[in-house]
Structure formats: C-alpha cells, structure tokens
Amino acid sequence: EVQLVESGGGVVQAGGSLRLSCTGSGFTFKDYAIAWFRETPEKGREGVAVISNDDGSTYYLDSVRGRFTISSDNAKKTVYLQLDNLKQEDTAVYYCAADTEKPYSSQWLKYWYSMDYWGRGTLVTVSA
C-alpha cells in the first residue's frame with residue numbers, strides 16, 4: 001500500500017519557523033519527485049516546492065523562495081520542508097505528493113492535479 005504521511009504542522013507566530021516531514025512507503029521513493037502543496041479556501045491548492053530525488057534539483061513558488069527549503073533523505077524515504085520567516089499568509093493545510101514526472105522548473109508546481117500519490121495533510125497556522 002502506498003502511503004505518504006506528513007507531520008510537523010502546528011501553530012507558530014509570524015516570523016517563526018517550522019519543519020514539515022513527509023515519509024513515503026509502498027513505492028520506490030528515489031524514482032519520484034516529491035512536492036509540497038498547500039491549500040486554503042481563499043486560494044485553493046498551490047504548489048510550494050518540489051525536489052527531484054534522482055538529482056536533488058529543487059524548485060519553489062516565488063512567494064516562498066528564500067524562506068522555505070526543501071530537502072530529501074532517500075535512506076529515510078523522507079522529504080522535509082523547512083519553513084522560516086513565516087507569514088500569516090502561509091497559513092494553510094500542507095500536503096506532500098509524489099509523481100514520476102521529473103520537475104523542470106517551478107511551472108511544474110502548477111500541475112497539482114496530475115500527482116500520483118498524496119498525503120492527508122498537516123495544518124500550519126501562523127498567528128500575528
């Protein structure tokens with residue numbers, strides 16, 4: 001059974017930090033790109049960051065570049081998203097997703113609907 005399990009969400013003040021984790025099982029982790037998406041009622045779902053597990057290439061949503069960092073530990077089958085200098089507009093449910101399509105630019109993050117697998121999400125709330 002394929003599973004992606006997110007953890008690390010919580011409540012943090014603006015300017016603070018969190019680290020999200022996404023652990024995969026049931027598929028060949030290193031053959032997939034792992035991405036983080038977030039969803040709010042106002043904005044819907046948007047891609048935040050993606051990492052290609054074969055060469056480590058990364059791409060980010062413009063509004064988070066320089067504040068968020070995605071990394072991967074293939075041995076642990078885990079991808080991390082470090083969230084720094086958080087803003088209230090970062091409040092959302094954060095999901096990780098896996099896809100075999102290799103990311104080529106940040107435009108890849110727009111195609112959330114084509115991801116092969118999804119986790120259930122973890123809530124990040126940034127307070128004033």
Side-chain angles (χ1 to χ4, degrees):
E1 178 189 6
V2 172
Q3 280 194 316
L4 288 169
V5 179
E6 302 97 334
S7 62
V11 180
V12 63
Q13 285 190 319
S17 297
L18 282 174
R19 189 175 81 156
L20 308 182
S21 299
C22 170
T23 300
S25 61
F27 63 101
T28 307
F29 194 78
K30 65 179 180 60
D31 290 342
Y32 283 72
I34 307 295
W36 285 95
F37 295 83
R38 63 187 181 186
E39 186 169 348
T40 64
E42 297 80 18
K43 291 186 177 180
R45 189 165 295 193
E46 64 179 356
V48 174
V50 60
I51 186 166
S52 176
N53 275 331
D54 64 350
D55 65 4
S57 55
T58 59
Y59 301 95
Y60 295 91
L61 180 69
D62 284 348
S63 63
V64 308
R65 189 177 293 112
R67 299 189 298 119
F68 292 6
T69 304
I70 190 169
S71 61
S72 182
D73 185 335
N74 281 343
K76 294 183 178 180
K77 299 184 179 181
T78 299
V79 167
Y80 305 97
L81 186 67
Q82 178 69 36
L83 291 66
D84 295 319
N85 191 20
L86 280 159
K87 304 177 181 181
Q88 285 186 273
E89 52 263 42
D90 295 318
T91 294
V93 178
Y94 283 71
Y95 299 89
C96 68
D99 195 75
T100 54
E101 187 74 22
K102 181 177 173 61
Y104 49 87
S105 75
S106 58
Q107 295 294 313
W108 186 98
L109 290 165
K110 292 184 179 180
Y111 301 105
W112 58 266
Y113 46 83
S114 68
M115 297 299 108
D116 291 333
Y117 307 121
W118 287 90
R120 292 190 174 185
T122 186
L123 177 62
V124 172
T125 302
V126 184
S127 62

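Only a predicted model underlies this, so the values are computations on that prediction, with no experimental measurement involved. Values below: every heavy atom of this structure, side chains too, minus hydrogens, waters and symmetry copies.
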Quiz item: Would you say the side-chain atoms of N53 pair up with the backbone N or O of N74, donor to acceptor, closer than 3.5 Å?
Solution: no
Practice problem: Kindly work out whether a path of hydrophobic side-chain contacts (I/L/V/M/F/W/Y, heavy atoms less than 4.5 Å apart) joins W118 to L81. | Solution: no
Quiz item: With hydrophobic residues grouped by side-chain heavy-atom distances under 4.5 Å, do L61 and Y94 end up in a single group?
Solution: yes
Practice problem: Could you check if a side-chain atom of E89 sits within less than 4.5 angstrom of a side-chain atom of T40, using non-hydrogen atoms only? | Solution: no
Quiz item: Does a side-chain heavy-atom distance below 4.5 Å link T100 with D31?
Solution: no
Quiz item: Between D90 and K87, is there a side-chain N and carboxylate O pair less than 4.0 Å apart?
Solution: no
Exercise. Would you check if R45 and Y113 make a side-chain contact, meaning some heavy-atom pair closer than 4.5 Å?
Key: no
Quiz item: How long is the gap from CZ on R65 to OG1 on T58, to the nearest 0.5 Å?
Solution: 9.0 Å
Quiz item: When you measure from the side chain of Q13 to the backbone N and O of S127, does any donor-acceptor pair fall under 3.5 Å?
Solution: no
Quiz item: Do the side chains of Y95 and L4 get nearer than 4.5 Å, heavy atoms only?
Solution: no
Quiz item: When hydrophobic residues are tied together by side-chain contacts of less than 4.5 Å, even through go-betweens, does L83 share a cluster with V79?
Solution: yes
Quiz prompt | Cluster overlap M115 with Y104, hydrophobic side-chain contacts below 4.5 Å | solution = yes
Quiz item: Where the side chain of E39 meets the backbone of A92, is there a donor-acceptor pair that is under 3.5 Å apart?
Solution: no
Exercise. Taking Q82 for its side chain and T69 for its backbone only, find out whether a donor-acceptor pair lies under 3.5 Å.
Key: no
Quiz item: With hydrophobic residues grouped by side-chain heavy-atom distances under 4.5 Å, do I34 and F68 end up in a single group?
Solution: yes
Self-check item: Side-chain donor or acceptor of D99 paired with backbone N/O of D116 under 3.5 Å
Solution: yes
Quiz item: Can T91 and T125 be counted as having a side-chain donor-acceptor contact under 3.5 angstrom?
Solution: no
Quiz item: Does a side-chain N-to-carboxylate-O contact under 4.0 Å join E46 and R38?
Solution: yes
Quiz item: Going by heavy atoms in the side chains, are Y59 and W108 under 4.5 Å from each other?
Solution: no
